[in-house]
Amino acid sequence: MTKRTFHVWRGGGEDGGLSQYEVEANEGEVVLDVLHRLQATQCPDLAVRWNCKAGKCGSCSVEINGRPRLSCMARMSTFEPEESITVTPMRTFPVIRDLVCDVSFNYQKAREIPSFTPPEGSEPGDFRMAQADVQRSQEFRKCIECFLCQDVCHVIRDHEENKEAFSGPRFLMRASELELHPEDTADRRKISQEEFGLGYCNITKCCTDVCPENIQITDNALIPLKERVADRQYDPVVWLGSKIGLR
Ligand code: SF4
Ligand code: F3S
Ligand code: FES
């Protein structure tokens with residue numbers, strides 16, 4: 001057993017601040033274990049969101065020493081012995097209290113993505129997909145909706161004013177999944193560019209770096225979607241067709 005120094009955000013977004021605690025940490029523990037010990041021993045009113053403690057529910061997202069991470073997957077053994085550990089709520093979303101954010105922005109953006117649109121009359125079981133198409137969807141479906149990618153993306157992290165116009169990587173990935181799906185009939189290129197803010201993404205790949213499921217968000221979802229949008233915008237035949245109402 002060792003004592004570790006934790007700085008934990010307490011209070012709301014505007015009126016909150018960091019409080020320092022000396023707290024016990026044991027071999028094999030993760031940051032969430034230590035936060036639970038803080039609740040049990042020093043601050044029973046500490047607000048922490050969590051559920052599975054197995055990296056699968058996406059509830060325990062926070063920032064640890066400034067990096068967006070799942071607190072249940074952040075091993076204490078990865079920090080230097082004398083290093084103090086700072087835990088703050090996700091910066092991009094409004095703080096409700098302590099480490100808990102209001103992430104309803106993300107649910108709003110999810111609702112804006114038009115749902116899967118198979119051809120009219122298509123019955124379940126009619127369609128056969130190539131294995132490569134199945135695998136592409138499966139990669140995106142590993143998402144646990146932790147919203148760490150949404151939190152880290154600079155387009156909204158530092159620019160509250162962009163939230164209206166930008167869906168964020170998680171939902172652009174969903175638009176891409178559907179756009180690349182061979183059975184989906186909707187054209188999602190225009191809406192992705194004009195309403196979901198695909199053009200704001202300048203491929204910094206920070207979203208991919210923080211994804212706990214190692215989904216290649218930028219390379220496998222955002223860049224292919226950008227390529228499709230570019231085809232639509234810059235192919236002269238497609239451009240002319242769109243002008244005269246053929247596409
Ligand atoms: Fe979390 Fe990755 Fe899903 Fe983004 S894509 S919400 S980082 S699991
Ligand atoms: Fe943001 Fe990811 Fe693009 S971090 S800028 S959505 S590559
Ligand atoms: Fe479920 Fe951390 S508690 S992902």
Side-chain angles (χ1 to χ4, degrees), residues 29-37 39 46-64 66-76 78 87 89-93 98-101 103-110 113 136-163 165-178 180 192-193 195-227 229-230:
E29 288 187 335
V30 293
V31 167
L32 183 61
D33 290 317
V34 181
L35 293 173
H36 283 160
R37 184 165 298 112
Q39 275 183 324
L46 175 65
V48 182
R49 188 180 276 145
W50 69 285
N51 199 322
C52 69
K53 203 171 171 277
K56 287 298 163 205
C57 73
S59 307
C60 66
S61 302
V62 290
E63 301 196 2
I64 302 174
R67 182 178 171 84
R69 298 182 70 177
L70 298 178
S71 64
C72 75
M73 300 303 283
R75 294 204 162 276
M76 289 297 298
T78 59
V87 189
M90 286 190 285
R91 187 168 113 190
T92 300
F93 310 116
D98 302 339
L99 300 177
V100 175
C101 292
V103 292
S104 54
F105 164 82
N106 300 289
Y107 302 123
Q108 174 62 37
K109 294 298 174 184
I113 310 279
R136 185 187 315 107
S137 275
Q138 280 177 337
E139 181 188 16
F140 302 151
R141 293 296 179 113
K142 287 192 302 179
C143 174
I144 58 171
E145 302 228 303
C146 63
F147 306 130
L148 292 173
C149 58
Q150 301 281 102
D151 177 46
V152 82
C153 179
H154 68 97
V155 174
I156 46 177
R157 186 175 175 86
D158 300 321
H159 300 280
E160 182 70 26
E161 70 279 10
N162 287 344
K163 280 188 175 171
F166 186 64
S167 295
R170 194 272 170 262
F171 300 105
L172 288 167
M173 179 175 85
R174 174 68 178 149
S176 181
E177 179 191 348
L178 293 168
L180 300 173
S192 296
Q193 187 72 4
E195 294 184 33
F196 305 153
L198 181 64
Y200 284 83
C201 165
N202 55 351
I203 318 183
T204 57
K205 298 196 180 189
C206 309
C207 51
T208 304
D209 285 347
V210 300
C211 178
E213 287 293 321
N214 292 318
I215 302 171
Q216 297 303 300
I217 306 169
T218 320
D219 286 351
N220 292 350
L222 306 184
I223 291 174
L225 187 58
K226 279 177 173 285
E227 285 171 349
V229 168

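Bear in mind that the values here come from a model prediction, so they are computed numbers and not experimental data. Ligands are counted one by one from 1 in listed order, and the atoms in each one are counted from 1 as well.
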Number the atoms of ligand 3 from 1 as they appear, then name those within less than 4.0 Å of a heavy atom of Gly55, with their elements. 4 (S)
Test item: Arg170 side-chain N/O and Ile217 main-chain N/O as donor-acceptor pair under 3.5 Å: no
How about Phe105 and Phe166: are their ring centroids closer than 6.0 Å? no
Answer yes or no: is there a donor N or O on one side and an acceptor on the other, between the side chain of Thr208 and the main chain of Thr218, under 3.5 Å? yes
Under 3.5 Å, is there a donor-acceptor pair between the side chain of Gln150 and the main chain of Ser167? yes
Looking at Val34, is its backbone amide N or carbonyl O close enough to the side chain of Glu29 to form a donor-acceptor pair, meaning the two atoms are under 3.5 Å apart? no
Below 4.0 angstrom from a heavy atom of Lys56, which ligand 3 atoms are there? Numbered from 1 as shown, please. 4 (S)
Numbered atoms of ligand 3 (with element) below 4.0 Å of Cys60, judged on heavy atoms: 2 (Fe), 3 (S), 4 (S)
Any chance you could measure Asn106, atom CG, to Phe147, atom CZ, to the nearest 0.5 Å? 4.0 Å
Atoms in ligand 3 flagged as close to Asn51, the criterion being non-hydrogen separation under 4.0 Å: 3 (S)
Under 3.5 Å, is there a donor-acceptor pair between the side chain of Glu139 and the main chain of Gln216? yes
If you measure from CD1 on Ile113 to CD on Glu195, what distance do you get to the nearest 0.5 Å? 10.0 Å
Which of the atoms in ligand 3, numbered in the order shown and given with their element, are less than 4.0 Å from a heavy-atom of Lys53? 1 (Fe), 3 (S)
By residue and atom, what protein N/O/S atoms are less than 2.8 Å from atom 3 (Fe) of ligand 2? Cys201 SG
Answer yes or no: is there a donor N or O on one side and an acceptor on the other, between the side chain of Glu177 and the main chain of Phe140, under 3.5 Å? no
Which pair of non-hydrogen atoms, one from Arg157 and one from Thr92, has the smallest distance, and what is that distance? CA-OG1, 3.4 Å
Considering only protein heavy atoms, which is closest to atom 4 (S) of ligand 3, and at what distance to one decimal place? Gly58 N, 3.3 Å
From the options Val152, Leu148, Leu99, Val62, select the one residue that forms a side-chain contact (heavy atoms from CB on, under 4.5 Å) with Met90. Leu148
Just the protein N/O/S atoms under 2.8 Å from atom 3 (Fe) of ligand 1, please, no waters. Cys143 SG
Test of understanding: given a 4.0 Å heavy-atom threshold, classify the contact between Met73 and ligand 3 as side chain, backbone, both, or neither. neither
Quick one: which ligand 3 atoms are inside 4.0 Å of a heavy atom on Cys72? 2 (Fe), 3 (S), 4 (S)
Distance, nearest 0.5 Å, that separates CD of Glu145 from CZ of Phe171: 5.0 Å
So, does Lys53 use its side chain to make a donor-acceptor pair with the main chain of Asp33 at under 3.5 Å? no
Which of the numbered atoms in ligand 3 are below 4.0 angstrom from a heavy atom of Cys52? 1 (Fe), 3 (S), 4 (S)
Can you list the atoms of ligand 3 that are under 4.0 Å from a heavy atom of Cys57? 1 (Fe), 3 (S), 4 (S)
Given Asp219, which partner from the list Lys226, Lys205, Arg136 fulfils the salt bridge (charged side-chain N to carboxylate O under 4.0 Å, His left out) test? Lys205
